Amino acid sequence: MRDIQREPDTRKVPIDKVGVKNISYPIVVQDKSKLEQHTVARINMYVDLPHHFKGTHMSRFIEILNQYRGEISILSLDTILQEMKERLEASCAHMELEFPYFIEKQAPASGARGLMEYQCRMLGTLGDSADFVLGVTVPVTSLCPCSKEISARGAHNQRSAINVQIRYRDHVWLEDLIEWVESCGSAPVYSLLKREDEKAVTEQAYDNPMFVEDIVRAVTLKLRQQPAIQWFRVECENFESIHNHSAYALVESGTR
């Protein structure tokens, strides 16, 4: 049967990334307390394409996923990327996974327990060398220091999203990374709070006001204390409650 993808292309334009996006697929994530957690990821898979090939074989990406069904995890990522390079005759392969990860959290006053969801990412690249980035989005509460200073009654606060990406020398647990980041807001966010917990969290935020600049600086100092982390990028977006815009800050630090 004629293989049109492998036919020559005369335009002499190489493609950096070509592949498949937004595949919903089960994966296994290492869990610090329960060894592993099963979740469902949205997966993107790409390879580079030399200028002399017309196209890549899209079906092979799905075949590779099926080949590693039940084994897709951070531990198998390099193996899958190598398989992509070989099967698709590429010099560089990329795999991106975004997935929900759940951690049981205890409310600060009542002790009520609930599952908190965090959106996590794994980004793997294998060319001449391997590269891996771990990412997570951590929601926190932030309370405006300026509002607290100038207001006679209370202060405005908002939900903030802290996006962190890291490269590490030694394994970093998602639970630890989330805990480090979460400690840098005015107060944590919980899935379940009783009235006494709402009082505690509200007062914690009021006693710990932070600008978006304060948050990224606090996360930066926290991550610099972790010898396993060699590079990180931290972004914070405050979804303002009294402004028609978000506040934003970013810090990148370390060596790639």
Side-chain angles (χ1 to χ4, degrees), residues 29-37 39 73-75 77 97-108 111 113-124 131-143 145 157-193 197 200-201 203-239 247-256:
V29 183
Q30 290 178 283
D31 187 307
K32 188 176 181 181
S33 61
K34 300 178 181 178
L35 298 181
E36 62 182 29
Q37 183 176 139
T39 185
S73 71
I74 188 174
L75 301 176
L77 198 57
L97 303 91
E98 183 167 355
F99 55 92
Y101 188 76
F102 294 88
I103 297 177
E104 185 177 72
K105 288 181 66 176
Q106 187 172 349
R113 295 180 178 273
L115 285 178
M116 186 72 188
E117 177 186 348
Y118 300 89
Q119 285 297 314
C120 302
R121 290 166 293 282
M122 295 179 186
L123 311 174
D131 182 47
F132 177 76
V133 174
L134 179 67
V136 62
T137 298
V138 180
V140 297
T141 294
S142 58
L143 186 133
N157 55 21
Q158 53 271 319
R159 181 82 61 83
S160 301
I162 307 174
N163 292 305
V164 173
Q165 293 181 312
I166 66 169
R167 291 182 173 92
Y168 53 75
R169 302 177 184 89
D170 299 309
H171 180 70
V172 173
W173 291 101
L174 275 172
E175 290 86 347
D176 291 339
L177 181 58
I178 289 167
E179 182 180 351
W180 298 334
V181 175
E182 201 167 56
S183 68
C184 295
S186 294
V189 171
Y190 298 85
S191 63
L192 175 60
L193 293 173
D197 301 310
V201 172
E203 292 175 349
Q204 178 182 349
Y206 191 80
D207 292 338
N208 188 31
M210 302 189 81
F211 292 122
V212 69
E213 297 93 335
D214 295 317
I215 292 174
V216 295
R217 284 171 171 151
V219 176
T220 294
L221 294 179
K222 180 72 69 171
L223 296 184
R224 282 178 177 170
Q225 295 171 2
Q226 314 307 324
I229 297 176
Q230 68 183 51
W231 169 91
F232 63 84
R233 175 187 174 107
V234 53
E235 301 173 274
C236 183
E237 182 175 2
N238 287 358
F239 303 100
Y248 174 82
L250 177 149
V251 172
E252 185 173 330
S253 181
T255 57
R256 291 173 177 265

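Predicted model only: the values in this text are computed from it and were never measured. Side-chain atoms are counted along with the backbone in the values below, which use heavy atoms only and exclude waters and symmetry mates.
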Check your understanding: Quick check: does any side chain N or O of Ser186 sit under 3.5 Å from a backbone N or O of Leu143, one acting as donor and the other as acceptor?
Key -> yes
Point to revise | Any donor-acceptor N/O pair, Arg159 side chain to Val140 backbone, under 3.5 Å | key: no
Review point. Is Asn208 reaching over with its side chain to a backbone N or O of Gly185, donor-acceptor style, under 3.5 angstrom?
Key: yes
Point to revise | Heavy-atom check, side chain of Val172 versus side chain of Trp180, under 4.5 Å | key: yes
Check your understanding: When you check the side-chain N and O atoms of Arg167 and Thr255, is any donor under 3.5 Å from an acceptor?
Key -> no
Exercise for review: Verify the distance criterion only: is there a donor paired with an acceptor across the side chains of Trp231 and Glu252 at less than 3.5 Å?
Suggested key: yes
Check your understanding: Have Gln119 and Glu117 got a donor and an acceptor in their side chains that come within less than 3.5 Å?
Key -> yes
Exercise for review: Run the numbers on Arg217 and Val251 for side-chain contact (heavy atoms from CB on, under 4.5 Å), then give the verdict.
Suggested key: CA-CA 8 Å; Arg217 284 171 171 151; Val251 172; 5.5 Å; no
Check your understanding: Under 3.5 Å, is there a donor-acceptor pair between the side chain of Thr39 and the main chain of Pro100?
Key -> yes
Check your understanding: Hey, is the main chain of Phe102 close enough, under 3.5 Å, to the side chain of Gln37 for a donor-acceptor pair?
Key -> yes
Point to revise | Under 3.5 Å donor-acceptor, Lys105 side chain and Val189 backbone | key: yes
Check your understanding: Taking 4.0 angstrom as the limit, do Lys32 and Glu179 come out as a salt bridge?
Key -> no
